[in-house]
Amino acid sequence: MRGECTMEKKRRRTTSLKTRLIVAFITVSIIPVIVLNLFSYYNTSEIVEDNVDELTEANLQQARASLDVWMESYEDILFQIYTDDNIVSLAGKINRQEDLTVAKNQLRRTLRGLFYTKDYIKSITIITENGTQVFYDQLTGYTNQNSWMGSLGMTMDQLYEEIAKDND
């Protein structure tokens with residue numbers, strides 16, 4: 001009986017030593033690897049998130065700069081239209097219904113000439129006091145059917161009134 005107890009104690013010590021070695025191995029090698037991987041993952045995800053935020057901000061700044069250039073192009077064209085005596089006299093002829101077809105064609109040709117000076121301008125419409133519409137759409141080449149007017153949801157008179165009340 002005594003021999004059996006000693007064997008059992010040795011077996012427990014052996015099993016206990018194996019268990020201790022396995023636990024020590026896991027503690028020393030596997031757990032640090034897992035902790036380092038988790039740390040690396042969170043650190044990398046934070047860096048990626050910061051980079052995405054910076055790139056998004058830079059992209060928005062670029063989009064704003066492009067939009068500002070487009071708006072300045074439209075403002076420049078509008079200034080040219082308002083100060084061009086030929087365009088003003090053609091608009092006056094259209095309002096008085098004098099040589100309407102000729103005046104509209106001359107005005108359309110003048111508008112088309114303005115497009116070549118500004119790459120960003122693709123369409124422009126002039127609406128006279130009597131509601132006559134003269135436009136040129138560079139994208140479609142339309143000269144007798146306005147491409148954007150149908151999606152506006154306003155009549156010609158409503159649009160003219162809306163623009164005229166805001167036009168100082």
Side-chain angles (χ1 to χ4, degrees), residues 29-168:
S29 63
I30 295 177
I31 291 178
V33 168
I34 292 172
V35 169
L36 281 174
N37 280 339
L38 286 173
F39 175 75
S40 176
Y41 169 77
Y42 286 118
N43 190 30
T44 304
S45 66
E46 189 174 313
I47 290 170
V48 167
E49 189 174 307
D50 290 343
N51 286 343
V52 167
D53 289 343
E54 286 178 28
L55 290 173
T56 302
E57 182 68 29
N59 192 15
L60 287 173
Q61 291 295 333
Q62 183 64 35
R64 180 187 176 118
S66 294
L67 186 59
D68 287 344
V69 167
W70 288 353
M71 292 307 293
E72 288 172 7
S73 294
Y74 274 103
E75 287 175 7
D76 186 44
I77 290 289
L78 287 175
F79 181 76
Q80 288 180 29
I81 289 171
Y82 284 144
T83 58
D84 188 325
D85 291 335
N86 184 38
I87 293 175
V88 172
S89 69
L90 288 172
K93 281 185 176 181
I94 291 170
N95 277 330
R96 292 186 302 274
Q97 301 288 320
E98 295 176 14
D99 296 327
L100 186 61
T101 306
V102 173
K104 285 173 69 173
N105 284 334
Q106 287 177 342
L107 186 55
R108 192 172 292 118
R109 247 184 272 125
T110 304
L111 291 176
R112 187 174 37 227
L114 291 175
F115 280 120
Y116 293 114
T117 62
K118 299 288 183 188
D119 289 336
Y120 299 108
I121 307 293
K122 300 299 177 198
S123 178
I124 196 160
T125 302
I126 294 178
I127 303 171
T128 63
E129 287 180 58
N130 67 2
T132 303
Q133 180 185 155
V134 179
F135 65 94
Y136 183 73
D137 190 343
Q138 190 177 24
L139 293 174
T140 62
Y142 287 156
T143 57
N144 60 359
Q145 181 184 6
N146 200 329
S147 62
W148 60 270
M149 206 52 198
S151 62
L152 193 57
M154 298 174 111
T155 66
M156 192 65 62
D157 293 333
Q158 291 171 330
L159 179 62
Y160 183 80
E161 288 300 318
E162 185 73 25
I163 294 169
K165 75 179 178 186
D166 187 32
N167 189 5
D168 296 330

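For the numbers below, each heavy atom of this structure counts, side chains included, while hydrogens, waters and symmetry mates do not.
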Q | Partner set under side-chain hydrogen bond (donor to acceptor under 3.5 Å, both in side chains) for T128, not counting sequence neighbours | A |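 T128 satisfies side-chain hydrogen bond (donor to acceptor under 3.5 Å, both in side chains) with N95, N130 only.
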**Q.** Qualifying residues under side-chain hydrogen bond (donor to acceptor under 3.5 Å, both in side chains), relative to Q80, sequence neighbours excluded
**A.**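 side-chain hydrogen bond (donor to acceptor under 3.5 Å, both in side chains) check on Q80 returns D76.
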Among all residues two or more places apart in sequence or in another chain, which pass the side chain to side chain contact (heavy atoms under 4.5 Å, CB included) test with [X]?
{"X": "V33", "answer": "N37"}
{"X": "T101", "answer": "N105"}
{"X": "I31", "answer": "I26, V35"}
{"X": "T44", "answer": "S40, V48"}

**Q.** Smallest separation among heavy atoms of Q133 and K104, with atom names
**A.**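 Looks like O-CE, 4.1 Å.
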Q: Can you see which heavy atom on V134 is nearest to which on R108, and at what distance?
A: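 So the two residues come closest at CG1-N, 4.0 Å.
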Q: May I have all residue pairs that pass salt bridge (charged side-chain N to carboxylate O under 4.0 Å, His left out) and include part of residues 82-102, sequence neighbours excluded?
A: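 Every pair satisfying salt bridge (charged side-chain N to carboxylate O under 4.0 Å, His left out) with a residue in residues 82-102: R96-E98.
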Q) What salt bridge (charged side-chain N to carboxylate O under 4.0 Å, His left out) pairs are there with at least one residue in residues 53-70, not counting sequence neighbours? A)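 Residue pairs with at least one partner in residues 53-70: R64-D68.
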Q: Count the heavy atoms belonging to other residues, nucleotides or ligands that lie under 6.0 Å from CD of Q97, then report whether that count exceeds 12.
A: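 For Q97, atom CD is crowded (more than 12 foreign heavy atoms under 6.0 Å).
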Q. Nearest 0.5 Å, what's the CG-CG distance between L107 and N86?
A.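 Output value for this atom pair is 8.5 Å.
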Side-chain touch [X]/[Y], heavy atoms, less than 4.5 angstrom:
{"X": "L100", "Y": "I94", "result": "yes"}
{"X": "I126", "Y": "L90", "result": "no"}
{"X": "N59", "Y": "L55", "result": "no"}

**Q.** Residues L111, I81; criterion side chain to side chain contact (heavy atoms under 4.5 Å, CB included); working and verdict
**A.** CA-CA 9 Å; L111 291 176; I81 289 171; 4.0 Å; yes
